[in-house]
Amino acid sequence: MSRISHNGQLFFSFFKSLVGKEIIVELKSDLCIKGTLHSVDQYLNIKLKDISVVDSEKFPHMISVQNCFIRGSVVRYVQLPSAEVDIQLLQDSARVEARELKKK
Amino acid sequence: MSDEGQKNNQDGGMVEEPLDLVRLSLDENIYVKLKGDRELYGKLHAYDQHLNMVLGNVEETVTLREIDEETYEEIVKKEKRKMEMLFVRGDAVILISPPVRI
Amino acid sequence: MATLMEPFIDILTNDGRNIVGTLRGFDQLVNIILEESHERVYSSDGVERLHLGLCIIRGDNVAVVGLLDLDLDKRIDFSTLKGEPLKPVVH
């Protein structure tokens, strides 16, 4: 996230800044998939590389999958590497976004 | 709405719509209730119009309800876990409660 | 015939099914056409294969699409692989 204004796409920009970092995506089916963020789109669909399912003993379903696409609408949480997040920039961006949304 | 009110709102004084209340909670600890008997406490770092959020130092509580097979009594269990930094998708959010101010 | 150009993919649907097949087409809504597909049903006594053949999966019901590594997949003995069924996605 280099700029502060994101044209109503705050989290799209935010996730783009985390490309290459390891995240854990928790789905609304409770399944947790850990992997390296490869890309994200405007719907917050996510592509991960080098994935592993957390609790793969119980859920071996993705055992021979390394790269996957996750539909944004089935995501509950994304656990993020806190050391990689610029909290000040993120909060400032959220304030700018709120102001720009009001103008419209 | 008076001009003064509008002006105040620009830098965060006044609340005229629900999202203003969320904006005033930035960098504060908030409570979030989610679908599926989930609750979060954490510091609000970002949000958008869908109520997607990023929270820091989050504690999640999941409430599980089971019926005891013998007594038919409801057993309520609470599971807690902590996460350093969490993105929460807005479509599961039921309510956000700002911190209590003195 | 699955060639190198036609990826073998592994789909998790919103109702917790796992469908595997050769990707023959998709669109922006993530509607997917699979050929030579089958469903893998996980339980405590190994994975059962259900033949599906050619099928179209509506994008709304697709939760995850994984690129299957065929070499890895061939090495797995699914008859003894134990797993719990996935829970459905609850919106």
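In the displayed structure, A:F12 atom CZ is contacted under 6.0 Å by more than 12 heavy atoms of other residues, nucleotides or ligands.
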Report the C-alpha separation of C:V90 and A:K28 in whole Å, then their side-chain angles, then the decisive distance to 0.1 Å, and conclude whether the side chain to side chain contact (heavy atoms under 4.5 Å, CB included) test is met. CA-CA 6 Å; C:V90 184; A:K28 287 172 182 160; 5.5 Å; no

Given the rule in the side chain to side chain contact (heavy atoms under 4.5 Å, CB included) test, do A:R71 and C:D60 qualify, once you have shown the distances and angles that lead to the verdict? CA-CA 9 Å; A:R71 226 181 130 91; C:D60 293 355; 4.2 Å; yes

If you apply the rule side chain to side chain contact (heavy atoms under 4.5 Å, CB included), what do you find for A:L27 with C:V64, and how did you get there? CA-CA 9 Å; A:L27 309 187; C:V64 181; 3.6 Å; yes

Between C:L72 and A:Q66, is a side chain to side chain contact (heavy atoms under 4.5 Å, CB included) present by the stated rule, with each step listed? CA-CA 10 Å; C:L72 262 177; A:Q66 284 156 348; 3.7 Å; yes

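Here the shortest heavy-atom pairing between A:I63 and C:I76 reads CG2-CD1, 3.2 Å. Minimum heavy-atom separation, C:G66 to A:C68: CA-CB, 3.7 Å. Shown here for A:F59 and C:P85, the closest heavy-atom pair between the two residues is CE2-O, 3.7 Å. In terms of heavy-atom proximity, C:G83 sits nearest to A:P60 at CA-CD, 3.6 Å.
Contacts between C:D10 and chain A at a heavy-atom distance below 4.5 Å involve the side chain alone, from C-beta outward. With a 4.5 Å cut-off on non-hydrogen atoms, C:L81 touches chain A through its side chain but not through its backbone. If you measure heavy-atom distances from A:I33 to chain C, the contacts under 4.5 Å come from the side chain alone. Heavy atoms of C:L86 lying under 4.5 Å from chain A belong to its backbone as well as its side chain. Looking at C:D71, there are no atoms closer than 4.5 Å to chain A (heavy atoms on both sides), in backbone or side chain. Only the backbone of C:K82 comes within contact range of chain A, with heavy atoms under 4.5 Å apart.
One distance of note links CZ of C:F8 with OG of A:S64; it measures 9.0 Å at 0.5 Å rounding. For the atom pair CG of C:N14 and OG of A:S29, the computed distance is 8.5 Å after rounding to the nearest 0.5 Å.
Annotation: maximal heavy-atom pairing with chain A below 4.5 Å, among C:N18, C:V47, C:I9, occurs at C:N18. With respect to chain C, the highest number of heavy-atom pairs below 4.5 Å among A:M62, A:K47, A:R76 belongs to A:M62. Note: C:H91 leads C:H91, C:R75, C:R40 in heavy-atom pairs under 4.5 Å with chain A.
Two residues are said to be in side-chain contact when any heavy atoms from C-beta on lie closer than 4.5 Å; A:N67 and C:D69 fail this criterion. Inter-residue side-chain proximity for C:L67 and A:F69 is flagged as unmet; no heavy-atom pair is nearer than 4.5 Å.
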